[in-house]
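Take a look at the structure below.
For this chain, numbers begin at 1 and follow the sequence in order. Computed from a predicted structure; not experimentally measured.
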Amino acid sequence: MRTSNHLIGVINFVTFLVSIPVLGGGIWLSTRANATDCLRFLQWPVIAIGVSLMIVSLAGFAGACYRNNFLLYAYLWAVFLIIVALVGFVVFAYAATGSGSGRPVMNRAYLDYSLEDYSGWLADRVAGEGYWSKISACIRDSRVCRKIGRSYYGVPESAETFYLRRLTPIE
């Protein structure tokens, strides 16, 4: 019994130490949230994950160190609920994006992805006016389009050269 309590205590202490930079990252995002919609979208989930990791690890650490059965039961239930939530998220993400795959296009080195290939829920979210304005703002703020373009000796690449490049699905 003593060894298992020590092991649970050490694991939860390490988890507590990991939760500090996660919470710090969420707080840092909240100081920068006025800049973009993307950062504003991410700040609260990151803060919530950091706080919940901190609380769960403290409950497990205190329960193991002080041999408090109530805290250990609370810790086990919290970990169980976190695992169930993660499995639910993975199943949902697979159901929403599982059917989407690229199709080859003539005279192109990259695959073409179509919004209709994805689930109706995801397609409606992305195509919806309110969501698309936020998504397009994130794309603009990341300057991803400028990073894709190449120039050779100050001359932008031609469309034909661009079409022959092997692009990632994100690009």
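- Transitive grouping of hydrophobic side chains (ILVMFWY, heavy atoms separated by less than 4.5 Å) brings Val56 and Ile83 into a common cluster.
- The side-chain heavy atoms of Leu53 and Ile49, taken from C-beta on, include a pair separated by under 4.5 Å.
- Side-chain contact between Leu58 and Asn12 is absent, with no heavy-atom pair separated by less than 4.5 Å.
- One hydrophobic cluster, built from ILVMFWY side chains closer than 4.5 Å, cannot hold both Val10 and Tyr66; they sit in different ones.
- Side-chain heavy atoms closer than 4.5 Å link hydrophobic residues (I, L, V, M, F, W, Y) into clusters, and following such links, possibly through other members, connects Leu86 to Leu76.
- Using cut-offs of 30° and 60° for the angle between ring planes, the Phe92 and Trp121 rings count as perpendicular.
- For the residue pair Leu71 and Ala59, the shortest heavy atom distance occurs at CB-O, 3.7 Å.
- Counting only heavy atoms from C-beta outward, the side chains of Ile20 and Met54 approach each other to under 4.5 Å.
- The distance from the CH2 atom of Trp77 to the CD1 atom of Ile82 is 13.5 Å, given to the nearest 0.5 Å.
- Phe13 has its side chain within reach of Leu17: a pair of non-hydrogen atoms, C-beta onward, lies under 4.5 Å apart.
- Clustering ILVMFWY residues whenever any of their side-chain heavy atoms sit less than 4.5 angstrom apart, transitively, puts Ile8 in a cluster other than the one holding Val18.
- Residues Trp28 and Val22 share a hydrophobic cluster, clusters being chains of Ile/Leu/Val/Met/Phe/Trp/Tyr side chains in contact below 4.5 Å.
- Ser52 OG to Leu81 CG: the interatomic distance, rounded to the nearest 0.5 Å, is 11.5 Å.
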